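Bear in mind the structure is a predicted one, so any value in this text is a computation, not a measurement. Lettering of chains follows the sequences in order, A, B, ..., and the numbering in each one begins at 1.
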Amino acid sequence: MALLQISEPGLSTAPHQHRLAVGIDLGTTNSLVATVRNGISVVLNDDNGRAMLPSVVRYAAEGDVIVGEAAQAAQSEDPVNTIVSVKRFMGRGLKDLGEISRLPYRFVDSSSTGSGQGFGMLQLRTAAGAKSPVEVSAEILRVLRERAEASLGGELVGAVITVPAYFDDAQRQATKDAAKLAGLNVLRLLNEPTAAAIAYGLDNAAEGVYAVYDLGGGTFDISILRLSRGVFEVLAANGDSALGGDDFDQRIHCWLLEKNNLSALSPQDTRLLLTHARTAKEQLTEHAETRITAVLSSGELIDNVLTREEFQAMSQNLVQRTLQLLRRALRDAKLGVADVKGVVMVGGATRMPQVQHAVGEFFGQMPLTNLDPDKVVALGAAIQANLLAGNRSGDDWLLLDVIPLSLGIETMGGLTEKIIPRNSTIPTARAQEFTTFKDGQTAMSIHVVQGERELISDCRSLAKFELRGIPAMVAGAARIRVTFQVDADGLLNVAAREMGSGVEAHIAVKPSYGLSDAEITRMLQESAQHAQDDMLARALREQQTEAKQLLEAVQHALAQDGALLSEAERTCIEDRMGSLNALLQQTDHQAIKRGIEALNVATTEFAQRRMDTSVKSALAGHNISELGN
Amino acid sequence: MQPSGFNFQQNHFQLFGLPQSFAIDSTQLDLHYRALQAQVHPDKSAHLSEAEQRLAMQHSTQVNEAYQTLRNPLKRARYLLSLQGVDTQEETNTAMPVDFLMEQMEWREAVAEAGDVSVLDELEARLHRETHALENELAGKIDNEKNYADAAGLVRKLRFMEKLAEEIHSAYDEIDT
């Protein structure tokens, strides 16, 4: 039994006061709040004893905002104003969503509204006006904050909010903004699989390499961690922020449409069938078959029997996709299946027998499910919140997490210069120097991207900003140092500085859009498929850029010091310039390279003469001792 | 929060209390890295002022940078040479021995033609062995002979091997897709 601490009258309890902190799992389907009470992490229930708050928000016509069970109950009747799975829209623009026709919402292209919150992010038109995903998420978080404050009897010092490990900068920033909007002080954004590892690892005093397989309602994460003497070190993370239990529902939904020859359903009917699809999925965890019956708004009766085998067959490629990402994470961690001591299953969707079976078979061992897969993330987040709030001392643990996707910037010719590679331990910073391309260039624009591909057009654009006031110098003389800082929340800050003049530009990357679901998938797949194409395209662009620079430089030199050349020498140089220009119209990078070399050879003597002349003119009027200083 | 013994001016070896040499005690490196992060990681100052949090982020970033540099043999060699004022000229000096370049071309062809995982496994194992041999040679040049010019040449070779490793890595992903 815990002893009550009673302070003497008049003495402040401040030094020992327990600071109220919570962990919040803001899920696609359900959200939870947990806290550490008497040294034990517990999930906080609502007045009806329910731990899980459905992540559903309804904006009723009367102006009320309804969150949770009641909103969920109204989703078929009022689908347009009832926002389900809003997590999938966080940090996303309208053009990022593949098929919006299947979703029963009225989307707003927010670039036309220009409102403050979530500018550039898509918005949803509801009875209460246009709402950004940040605002919708904030409603869910507000309910959880109020639940926690009522339960703990005081104001919260702060909260740890969990995010999928594979969330990009835009999605993380949107989540943090939502928490702030809900009146929460964010102690940290914590990756969901890492939170699960804390709950599991501290509970079991685990040591060794563990894999956390986290299949949630709308996101999939795989993290490989090494647990050793109180250190949780993430070795690699991979995932798909658009793959989750919802997609299994969609497969059943499509199957129902096909079976019944249905097309172009109303939003009400779409929501109705999706709800039945989810129930059927859950039924098939316990039963070999399930019967789906529903009456559409037209009066048409749906009545189908779905077997577990059929469901497994239609969802097989979803499971295979998770295994593919699992293999990539292991390769990134430079580990094999045999190195993994245990596999922790997280997320309600891991209850599906085909998922358990596939993961068990892959690792050759039974996955660990002794902690409730729906609660383990919130429990871990609460433990970390308690630590961050400063309630512990002595037996602390240390978390070393990573950034999931590479960060880079655009260089000449539409290429990506990777600055921070994926799986770098955070916080981390990298600085890279760039130079001006033209004589007298006084401004430079910096384009920040996230992704694994070499061409800028294949990566996710995060932000663009401009560095102005660079002192005019010859091309290549200015030195622009760009620093990328990723903090412990996985959020990026970029600063650029011209080294000679000290001109500085700072930007907190608040992007208009996050990486789209489909884009991440596509980027990673294509990264492998087109590695070869990328290299060729890159080689070509490099040669083209170099050729253009050289041609410009020679043209400039001819205009300035053409008098240093004989007629024959000048003709030779101009001939080779002509052929290099012709080669630039084609796509053979090796031919361009040879053209560059030929022009270089032709101008070597010219360059030497120019150098001599300029050294002489620089020395004119100075004595030796002056130059020595 | 200025932890005792943390000094921004120290070089990476001094930071971890390790001798400035290519040969490295990786167990000690890991232990010291964790001990330092346990002091400076931002999670330790999440409840403190913004200034203290910012300082923690800078310190923790530097410790990560130092660890990543010393842990990776190629980066470690490059760093050691830079401390000696030697530029490894990886971008500018392309005068590699012809037989080495021929070998690199053969490697690349083999990786491009590898149709299944077992072939890649073999190539990777061989690459690992040859990289290791180069690293041993590098240790001799830096730590014993102090022949930094030769060492810079070996760093340039190792850079080729690193690129090859990256290509093998993407080839695995490609076969998987």
Undergrad: Over all heavy atoms of both residues, which pair between A:P427 and B:H41 is shortest? Give the atoms and the distance, please.
TA: CD-NE2, 4.2 Å

Undergrad: To the nearest 0.5 Å, what is the distance between NE2 (B:H169) and CG (A:D332)?
TA: 4.0 Å

Undergrad: Against chain A, label B:N64 side chain, backbone, both or neither, depending on which of its atoms sit under 4.5 Å from a heavy atom there.
TA: side chain

Undergrad: Shorter than 4.5 Å, heavy atoms on both sides: which option in A:Q485, A:R229, A:R430 has the most such pairs with chain B?
TA: A:Q485

Undergrad: At a 4.5 Å cut-off on heavy atoms, which part of B:L31 comes close to chain A: side chain, backbone, both, or neither?
TA: side chain

Undergrad: Might you point out which heavy atoms bring A:A429 and B:T61 nearest each other, and give the distance in Å?
TA: N-CG2, 3.3 Å

Undergrad: Counting only heavy atoms closer than 4.5 Å, note whether A:A389 contacts chain B via side chain, backbone, both or neither.
TA: backbone

Undergrad: Nearest 0.5 Å please: distance from the NZ atom of A:K334 over to the CD atom of B:E124.
TA: 9.0 Å

Undergrad: Return the CG to CZ distance between B:D173 and A:R331, rounded to the nearest 0.5 Å.
TA: 4.5 Å

Undergrad: Could you please spell out the steps behind the side-chain contact (heavy atoms from CB on, under 4.5 Å) verdict for A:N391 and B:H47?
TA: CA-CA 10 Å; A:N391 285 330; B:H47 61 294; over 6 Å; no

Undergrad: What heavy-atom pair brings B:D176 and A:Q324 nearest, and what distance separates the two atoms?
TA: O-NE2, 3.2 Å

Undergrad: Can you see which heavy atom on A:R188 is nearest to which on B:A46, and at what distance?
TA: NH2-CB, 4.3 Å

Undergrad: Less than 4.5 Å apart, side chain to side chain, heavy atoms only: is that true for B:K44 and A:L398?
TA: yes

Undergrad: Count the heavy-atom pairs under 4.5 Å between each of A:L399, A:D487, A:L187, A:L387 and chain B, then report the option with the highest count.
TA: A:L399

Undergrad: Count the heavy atoms of every other residue, nucleotide or ligand shown that sit under 6.0 Å from CD of B:E122, and state whether that count exceeds 12.
TA: no

Undergrad: In Å and rounded to the nearest 0.5 Å, what is the CD to OG1 distance from B:E65 to A:T428?
TA: 7.0 Å

Undergrad: Show me the pairs that pass salt bridge (charged side-chain N to carboxylate O under 4.0 Å, His left out) and involve residues 31-40 of chain B, at least two apart or across chains.
TA: A:E233-B:R34

Undergrad: Heavy-atom cut-off 4.5 Å, strictly under: side chain, backbone, both or neither for B:Q53 against chain A?
TA: neither

Undergrad: Kindly check if the number of other-residue, nucleotide or ligand heavy atoms within 6.0 Å of CD (A:E207) is above 12?
TA: yes

Undergrad: Quick check on A:S424 against chain B: is it the side chain, the backbone, both or neither that has a heavy atom closer than 4.5 Å?
TA: neither

Undergrad: Holding to ring-ring contact (aromatic ring centres under 6.0 Å, His included), I want the full list of residues that pass it with B:Y79, two or more places apart in sequence or in another chain.
TA: B:H12

Undergrad: Can you say whether A:I426 sits under 4.5 Å from chain B via the side chain, the backbone, both, or neither, judging by heavy atoms?
TA: backbone

Undergrad: Let me confirm one number: the OG1-OH distance from A:T425 to B:Y33, rounded to the nearest 0.5 Å.
TA: 4.5 Å

Undergrad: Measuring from atom CG of A:N493 to atom CE of B:M57, what distance do you get when rounded to the nearest 0.5 angstrom?
TA: 7.0 Å

